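Every value quoted in this text rests on a predicted model; they were computed, and no experiment measured them. Order of the sequence lines sets the chain letters (A, B, ...), proteins ahead of strands, with each chain counted from 1.
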Amino acid sequence: MKPTDISNPEYFHKVVDCQYACPAHTPVPEYIRLIAAGRYDDAYMINWESNVFPGILGRTCDRPCEPACRRGRIAKGEEPVAICRLKRVAADNKMDIRARLPKIPEKKNGKRIALIGAGPASLTVARDLMPLGYSIDIYDNQHAGGGMMRSQIPSFRLPGEVLDEEVNYILDMGVVSFFNTEVDSLKEVLDKDYDAVFVGTGAPRGKLLQLPGLEEAGKQVHIGIEWLASVAFEHTESIGKRVLVLGGGNTAMDCCRTSRRLGGEDVRVVVRSPFADMKASPWEKEDAMHEGIPIYDNHTPKEFVIEDGKMTGMLFEKVEAVYDENGKRSLVPTGEDLVFMPADEVLMAIGQENSFPWIERDIGIDFDKWDMPVLDATTFQSSNPRVFFGGDAAFGPENVITAVAQGHQAAVSIDLFCRGEDVSQRPDPYTNLVSQKMGIHEWSYDNSVENDPRYVVPLAPLEETLRNRKLEVELGFDQDTGFKEAERCLNCDVQTVFDAPRCIECDACVDVCPTDCITFTENAEEEEALRQRLNAPAGNLAQDLYVSTELPTRRVMVKDENVCLHCGLCAERCPTTAWDMQKFLYSVTKAGL
Amino acid sequence: MSYQIPKFRHPDLPVNELGYTRADYEGAISTLCAGCGHDSISGSIVRACHELNLEPHRIAKLSGIGCSSKAPTYFLGKSHGFNSVHGRMPSVVTGAAMGNRDLLYLGVSGDGDTASIGMGQFAHAIRRNLNMVYIVMNNGCYGLTKGQDSATADEGSASKKGDPNPFSAIDLPGLALQLGATFVARSFSGDKGQLVPLIKAAMSHRGFALIDVVSPCVTFNNNAGSTKSYEFVREHAEATGTVDFVPMREEITAHYAPGTGTEVTLHDGSVLHLEKLDEELDPFDRLSAMVAIEKHRAAGEILTGLIYIDKDSRDLHDVLETSRRPLNTLTEEDLCPGNKVLANINSSLR
Ligand SMILES: Cc1cc2nc3c(=O)[nH]c(=O)nc-3n(C[C@H](O)[C@H](O)[C@H](O)COP(=O)(O)OP(=O)(O)OC[C@H]3O[C@@H](n4cnc5c(N)ncnc54)[C@H](O)[C@@H]3O)c2cc1C
Ligand SMILES: Cc1ncc(C[n+]2csc(CCOP(=O)(O)OP(=O)(O)O)c2C)c(N)n1
Ligand code: SF4
Ligand code: SF4
Ligand code: SF4
Ligand SMILES: [Mg+2]
């Protein structure tokens with residue numbers, strides 16, 4: 001194999017598993033160390049720069065970083081660092097950080113931008129462009145900013161104050177907001193001579209299953225996301241005692257848990273797929289079950305049962321999952337009798353769709369066969385160069401952190417576009433690689449590896465949270481627990497950097513490495529062959545091999561990055577400092593930089 | 001500075017027949033200098049014991065004084081250990097081995113511990129063919145006392161702070177051959193590929209097995225001008241041939257086609273496969289081995305690999321016809337078999 005090019009920023013970026021997996025590439029280990037040091041403000045600001053909503057995301061993020069976390073694969077049964085809930089520790093314990101927010105220039109740059117929709121995607125664009133002197137108008141049909149974070153995510157997961165605080169940091173930059181304003185023509189907006197328009201209207205349409213009896217069931221059946229919004233906006237305050245929630249995603253989990261708080265006593269989730277295949281995150285399912293909500297899997301809804309003009313329940317067909325040789329699943333009826341479940345009300349949480357009836361089809365924006373706008377996946381520009389998309393409106397429903405990541409990229413594009421530059425010329429990420437050596441065997445990071453298992457976030461008493469739909473269920477880590485959880489982080493951003501000319505091939509690093517990462521061996525043409533020669537099994541192909549240039553014995557150093565603990569022992573035991581521990585900072589460049 | 005090795009190990013480490021991973025044969029984190037050859041030898045010992053499926057509690061590791069003699073702390077943390085007096089490890093092993101022949105005795109020593117203060121003990125342990133593995137971590141200096149030339153330092157070799165050594169060196173394998181050793185090998189700490197099979201073979205040999213391992217002292221004797229530096233040894237090492245150790249249960253024929261090398265069946269049934277042997281060296285002939293060592297030395301080369309093995313070695317227990325059972329398992333009945341037996345003995349002497 002060719003020697004690894006560590007000057008390519010993506011090589012070390014990939015070693016920082018959590019940051020690499022985060023759509024916004026938040027420098028996770030950097031903020032975790034700051035939390036351990038009690039520097040909550042600094043930890044908060046690192047997050048705020050990357051993901052804009054640390055307090056919100058520290059409670060609600062889909063956390064793609066956690067399944068990627070190295071900690072979760074260094075031993076059987078070991079769980080990832082509680083990255084998400086540590087973010088909340090920073091947000092909960094910070095002081096007033098308003099003085100650290102970017103200054104907004106009094107003199108504007110003369111460019112006007114319209115943002116349609118005030119969800120996380122649009123707010124991120126505003127966050128990035130306001131400090132550059134843009135004048136921004138934001139339009140939303142709700143009474144306040146936040147988008148689905150306000151209308152969909154229930155208060156028992158995300159308290160209103162936390163949402164308001166972080167939304168207002170942005171609106172207070174001087175964004176001109178037009179709330180309670182439905183935009184029903186994009187052409188009209190374009191006619192107002194904005195220099196650019198960003199569409200961040202989300203995926204606002206819930207799906208409805210057309211089953212026999214639906215019409216007769218009438219108002220006893222609700223679309224999940226519409227019902228959640230009407231609860232959030234206090235139009236709905238109660239629900240029947242027996243509730244069936246159809247669907248297996250996170251919306252279903254929010255619907256059932258909200259039902260429990262609005263008077264539902266026998267609340268059940270019914271889903272077609274097997275339990276393990278459900279779309280909802282494992283922790284969302286756990287939370288629902290903890291609140292006494294059973295999940296019936298492998299049940300396909302067949303019809304509403306109507307008696308005397310009233311819906312009394314639903315019939316389900318039992319199915320089982322059968323997988324063909326390609327692993328493709330089909331749900332095959334078991335042939336058992338249909339199952340009846342009684343219900344006073346039914347919530348359908350079976351997915352959302354985009355819908356753009358308000359975008360004229362003759363204003364230069366192309367739509368594909370699924371009626372989605374045709375976009376450049378990097379720049380988020382549509383075929384009308386003045387119109388950009390981001391968040392759920394761009395490529396379908398995702399989550400808050402994806403909306404934020406896309407908002408950042410769209411802001412870069414809008415800024416380039418407004419300055420008359422090529423939007424496809426993306427700025428390089430900012431990177432920095434600094435030795436952490438402080439003395440012979442001293443590092444400026446805490447290199448010992450803690451053994452503690454993952455800490456569990458404490459919860460408010462169940463009785464109380466079920467009585468009050470606004471009472472937050474999770475209490476968050478206190479500072480002590482936050483410290484201990486932070487210490488579980490392996491500091492994967494502190495890279496093992498190898499300088500081949502210094503190595504005398506004494507094997508000290510090989511001998512000391514607790515996880516057998518390092519091998520000195522003859523090189524091989526193919527990666528697969530080289531993996532076979534390593535001292536320990538190197539079967540995780542998602543993780544790279546770090547290959548050195550040829551050494552005097554004609555061998556190469558090969559390090560399998562997979563289960564490196566970043567403990568620094570190789571560098572401590574190296575007599576020639578051929579290994580050094582160097583902190584790699586990677587930040588995605590923002591608009592205007 | 002780290003005082004502990006993290007508890008985590010590679011999650012997919014292979015287990016041996018006893019269900020142990022290599023980690024089960026490790027010891028405490030080393031306090032030797034970073035890059036010390038002795039640590040690599042420790043690493044090779046760990047590998048060899050794991051691959052040989054040895055039960056850690058069936059091994060006793062004994063040493064004298066020196067950086068090398070400290071090394072047993074850094075491997076086989078679950079085995080028996082005895083850190084004795086400078087140069088006196090062989091007599092402690094002799095006592096232990098006489099008392100309990102069921103343990104595997106692994107002596108670890110330095111060139112100072114062996115070739116200076118411990119020379120007398122070393123010589124007699126060999127002469128008696130004590131059943132033990134004797135590893136010399138040979139760095140040509142007294143590392144622990146700051147690098148003075150030792151008796152194995154080559155004439156003309158200079159350590160970091162020293163003048164060229166005016167005395168001729170003691171060649172431990174050569175000396176051992178002369179004293180009647182039944183297994184003699186030399187290796188290099190930086191060549192695990194060679195060292196691990198040699199350790200395994202030595203552990204399977206019945207009788208005294210010496211492995212002289214050149215092991216650079218990075219701090220005091222790894223400079224230009226030293227003949228025990230990483231660089232010098234890499235340039236001047238000449239292997240007798242490759243050695244492979246095949247455990248008894250495996251079929252040797254599955255590994256090698258017939259006629260591709262020489263095979264030696266060891267006492268415990270395991271097999272040594274020797275390939276591409278030095279044309280002039282016959283490792284079963286003591287004289288040939290002695291000649292080979294001297295020839296390479298004269299040519300400025302360090303001969304490594306298996307140098308000599310006596311396939312029919314009889315160890316001290318065989319010679320003395322000692323009790324087959326460890327002394328601590330002998331009961332009063334075994335030790336005082338009664339008047340009848342005494343009377344028989346007495347009558348046999350009349
Ligand atoms: C029940 C539920 C729970 C969720 N929970 C989580 C969670 O815990 N964590 C997570 O990361 N994600 C969660 N999500 C997903 C997340 O809310 C969205 O992915 C995210 O909010 C998308 O952001 P956005 O900026 O693209 O759009 P949105 O947040 O959808 O904001 C779009 C805004 O535009 C407004 N709008 C739309 N059309 C118009 C128009 N024509 N004129 C004016 N205004 C308009 C909408 O009313 C809305 O306010 C959840 C989603 C649902 C449905
Ligand atoms: C009886 C006695 N004499 C002298 C010493 C001092 N001393 C300690 S270690 C050592 C030499 C060790 O050299 P070596 O065996 O080569 O070990 P190394 O440190 O080089 O591995 C000496 C002379 C001692 N500890 N005890
Ligand atoms: S930091 Fe070095 S010693 Fe520690 S696990 Fe990684 S490669 Fe091994
Ligand atoms: S410890 Fe340093 S000098 Fe020794 S082999 Fe490793 S990198 Fe090379
Ligand atoms: S002084 Fe030399 S022999 Fe002793 S630990 Fe240091 S490098 Fe090894
Ligand atoms: Mg020595």
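Rounded to the nearest 0.5 Å, atoms SG (A:Cys513) and NE2 (B:His10) are 9.0 Å apart. Distance check, rounded to the nearest 0.5 Å: CG of B:Asp39 to CG of A:Asp507 gives 10.5 Å.
Interface residues of residues 547-555 of chain A toward chain B, defined by a heavy-atom distance below 4.5 Å and sorted by number: A:Thr553, A:Arg555.
A donor-acceptor contact shorter than 3.5 Å links the side chain of A:Arg573 to the backbone of B:Cys33. For the pair A:Glu505 (side chain) and B:Gly190 (backbone), a donor-acceptor distance under 3.5 Å is absent. Remark: side-chain polar atoms of B:Ser40 are paired, donor with acceptor, to backbone N or O of A:Cys506 under 3.5 angstrom.
Heavy atoms of A:Ile504 lying under 4.5 Å from chain B belong to its backbone as well as its side chain. Both the backbone and the side chain of B:Phe8 come within less than 4.5 Å of a heavy atom of chain A. When heavy atoms are compared at a cutoff of 4.5 Å, A:Glu78 approaches chain B solely by way of its side chain, counted from C-beta outward. In this structure, the portions of B:Ser30 lying under 4.5 Å from any heavy atom of chain A include both its backbone and its side chain. For B:Arg234, the part lying under 4.5 angstrom from a heavy atom of chain A is the side chain only. Interface residue A:Ile74: backbone and side-chain heavy atoms are both found under 4.5 Å from chain B.
The number of heavy atoms from other shown groups lying within 6.0 Å of CD (A:Glu10) is above 12. Around the CD atom of B:Gln148, the shell of radius 6.0 Å holds more than 12 heavy atoms that belong to other residues, nucleotides or ligands. Atom CD of B:Glu235 has more than 12 neighbouring heavy atoms from other residues, nucleotides or ligands inside a 6.0 Å radius.
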Using distance only, find each side-chain donor-acceptor pair of residues 514-521 of chain A under 3.5 Å and give its atom names and separation, not counting sequence neighbours.
residue  : atom : partner  : partner atom : Å
A:Thr515 : OG1  : A:Val563 : O            : 3.2
A:Asp516 : OD1  : B:Arg22  : NH1          : 2.8
A:Thr519 : OG1  : A:Asn535 : N            : 3.0

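Between chain B and the options A:Val512, A:Val449, A:Asn451, heavy-atom pairs under 4.5 Å are most frequent for A:Asn451.
Remark: A:Arg70 pairs with A:Asp17 by the salt bridge (charged side-chain N to carboxylate O under 4.0 Å, His left out) rule, at least two apart or across chains. Partners of B:Asp24 according to the salt bridge (charged side-chain N to carboxylate O under 4.0 Å, His left out) rule, which considers only residues two or more places apart in sequence or in another chain, are B:Lys78.
Comment: A:Asp511 engages B:Lys192 in a salt bridge, judged by a side-chain N to carboxylate O separation of less than 4.0 angstrom.
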